[in-house]
Amino acid sequence: MRSLLFVPGDSEKKLEKGFQSGADVVIVDLEDSVAPANKAAARTVTADFIRARRKDTAASIYIRVNDLSTGLTDDDLASVIAVAPDGIMLPKANGSADATHLSAKLRVHEAEHGLADGATKIIAIMTETAAGVLAAPTWRDTNPRLAGLTWGAEDLSAAIGARATRDERGRYTDVFRFARTMTILAASASDVAAIDTVFVNFRDTNGLRAECMEAERDGFTGKMAIHPAQVEIINEAFTPSAESVSHAREVADAFAAAGNPGVVGIGGKMYDRPHLRLAERLLARAKAAGV
């Protein structure tokens with residue numbers, strides 16, 4: 001999952017563009033981008049479009065439902081699980097207990113529609129409330145449905161009363177960098193994908209590219225997008241380079257040839273087990289990206 005593109009669930013035109021965007025994941029949105037009065041219509045449009053056009057995209061399809069506190073989640077699931085999305089994005093998750101709660105709901109809907117138990121995965125947005133940020137350590141609890149964790153700045157800003165998420169240089173302020181850091185650590189502890197938040201200025205391609213490079217450096221393996229024009233840049237940034245793949249394969253091969261010891265020497269430099277783990281992770285990302 002390198003690129004995850006949000007598409008409003010009430011617009012067939014935008015859904016069609018999203019399906020043709022080249023994103024690894026299309027997130028059909030029933031939450032923030034859909035007005036309250038249009039929620040019911042969005043569920044119908046979403047289900048009908050996916051049912052009719054799923055074959056037209058190679059992307060995985062996730063649905064962002066309304067959060068558990070709204071009372072709308074059950075109606076969302078009742079409408080969309082019938083078309084067997086690959087997963088559900090859970091907003092405003094206040095800890096792993098919310099994912100467990102959603103899992104129980106999914107199990108019922110999967111049974112009703114003849115889907116395999118556990119077929120529907122979950123990506124949780126874990127920092128949109130103060131409680132969610134503080135509950136980051138709970139994600140160490142095992143949830144077999146959990147495929148990724150991501151973070152959000154705008155909802156957290158509203159929740160805590162922050163006037164801005166970035167400083168005058170365009171950098172996230174401390175509280176939002178803390179939320180970002182906790183997402184990386186929670187994803188690692190859970191052994192799931194760490195997904196960076198959206199870059200809202202979709203016309204600023206240089207800013208997006210720089211933020212993608214920083215995110216990839218720090219351990220994120222993908223990034224969410226709000227416009228199809230962002231997808232190509234994100235995919236490029238999170239696809240391992242040929243040089244890095246070659247080096248990772250050299251490290252992995254050296255350990256295998258030496259019988260998987262604790263340390264190997266390559267070109268006069270010593271590599272230990274953490275280097276092997278890093279190489280294996282990169283090779284797995286490369287394989288997923290088709291490199």
Side-chain angles (χ1 to χ4, degrees), residues 4-11 15 18 25-51 60-136 138-139 141 143-152 154-156 158-159 183 186 190 192 195 197-198 224:
L4 300 90
L5 175 65
F6 281 109
V7 183
D10 59 351
S11 172
L15 283 166
V25 180
V26 173
I27 305 171
V28 185
D29 190 22
L30 300 179
E31 195 212 14
D32 284 348
S33 67
V34 177
N38 213 27
K39 299 287 188 185
R43 295 181 190 113
T44 300
V45 170
T46 293
D48 289 348
F49 189 91
I50 293 173
R51 186 179 290 110
S60 297
I61 300 172
Y62 276 64
I63 313 292
R64 179 164 70 169
V65 296
N66 292 277
D67 74 84
L68 294 170
S69 71
T70 63
L72 300 174
T73 315
D74 287 333
D75 288 340
D76 292 341
L77 296 176
S79 296
V80 302
I81 297 302
V83 296
D86 295 286
I88 297 295
M89 173 166 277
L90 177 64
K92 300 177 180 63
N94 291 324
S96 65
D98 280 357
T100 300
H101 187 179
L102 176 60
S103 293
K105 293 177 180 293
L106 289 172
R107 185 168 295 112
V108 172
H109 287 286
E110 287 168 343
E112 289 176 344
H113 294 287
L115 302 176
D117 182 33
T120 315
K121 301 303 180 182
I122 296 172
I123 296 174
I125 311 178
M126 55 166 279
T127 70
E128 292 185 308
T129 67
V133 177
L134 295 174
T138 68
W139 292 102
D141 299 339
N143 187 321
R145 290 184 187 269
L146 192 66
L149 290 170
T150 187
W151 72 288
E154 303 306 321
D155 282 280
L156 180 59
T183 302
S190 304
V192 297
I195 302 162
T197 192
V198 297
M224 297 187 293

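Heavy-atom basis, side chains included; hydrogens, waters and symmetry copies ignored.
The side-chain heavy atoms of H109 and V80, taken from C-beta on, include no pair separated by under 4.5 Å. Between I63 and I50, some side-chain heavy-atom pair lies under the 4.5 Å cut-off. Between L77 and L102 there is a side-chain heavy-atom pair separated by less than 4.5 Å. Residues L4 and I123 form a side-chain contact, since some pair of their non-hydrogen atoms from C-beta on lies under 4.5 Å apart. Side-chain contact between I122 and S103 is present, with heavy atoms from C-beta onward closer than 4.5 Å.
M224 and I195 get closest at one heavy-atom pair: CG-CG2, 3.8 Å. Minimum interatomic distance between A131 and N94 (heavy atoms only, all atoms of both residues): CB-OD1, 4.0 Å. In terms of heavy atoms, W139 sits closest to A99 at CZ3-CB, 3.7 Å. Minimum heavy-atom separation, A124 to A93: CB-CB, 4.1 Å. In terms of heavy-atom proximity, K121 sits nearest to A147 at CB-CB, 4.1 Å. In this structure, E128 and A159 approach most closely via the heavy-atom pair O-CB, 4.0 Å.
Within the 3.5 Å criterion, the main-chain N or O of V192 finds no donor-acceptor partner in the side chain of S190. With T73 contributing its side chain and D67 its backbone, the two residues share a donor-acceptor pair below 3.5 Å. Remark: side-chain polar atoms of T46 are not paired, donor with acceptor, to backbone N or O of R43 under 3.5 angstrom. Remark: the backbone N or O of P8 is not paired with any side-chain donor or acceptor of S11 at under 3.5 angstrom. Within the 3.5 Å criterion, the main-chain N or O of T70 finds no donor-acceptor partner in the side chain of N66. Checking side-chain atoms of S60 against main-chain N and O of V25 turns up no donor-acceptor pair under 3.5 Å. Checking side-chain atoms of T150 against main-chain N and O of I125 turns up no donor-acceptor pair under 3.5 Å. R145 places a side-chain N or O within donor-acceptor distance of the main-chain N or O of T120, the cut-off being under 3.5 Å.
With rounding to the nearest 0.5 Å, the separation of CG in D98 from CG in L68 is 5.0 Å. We find the CG-CG distance between L5 and D29 to be 10.5 Å, quoted to the nearest 0.5 Å.
Under the rule for a side-chain contact (heavy atoms from CB on, under 4.5 Å), A97 has no partner lying at least two apart in sequence or in another chain. Considering only residues two or more places apart in sequence or on other chains, D74 meets the side-chain hydrogen bond (donor to acceptor under 3.5 Å, both in side chains) condition with K105.
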Please tabulate, for side-chain N and O atoms in residues 81-92, each donor-acceptor pair with protein atoms closer than 3.5 Å (sequence neighbours left out).
from	atom 1	to	atom 2	distance (Å)
D86	OD2	R54	NH2	2.9
D86	OD2	I61	N	2.8
K92	NZ	E31	OE2	2.8
K92	NZ	D155	OD1	3.3

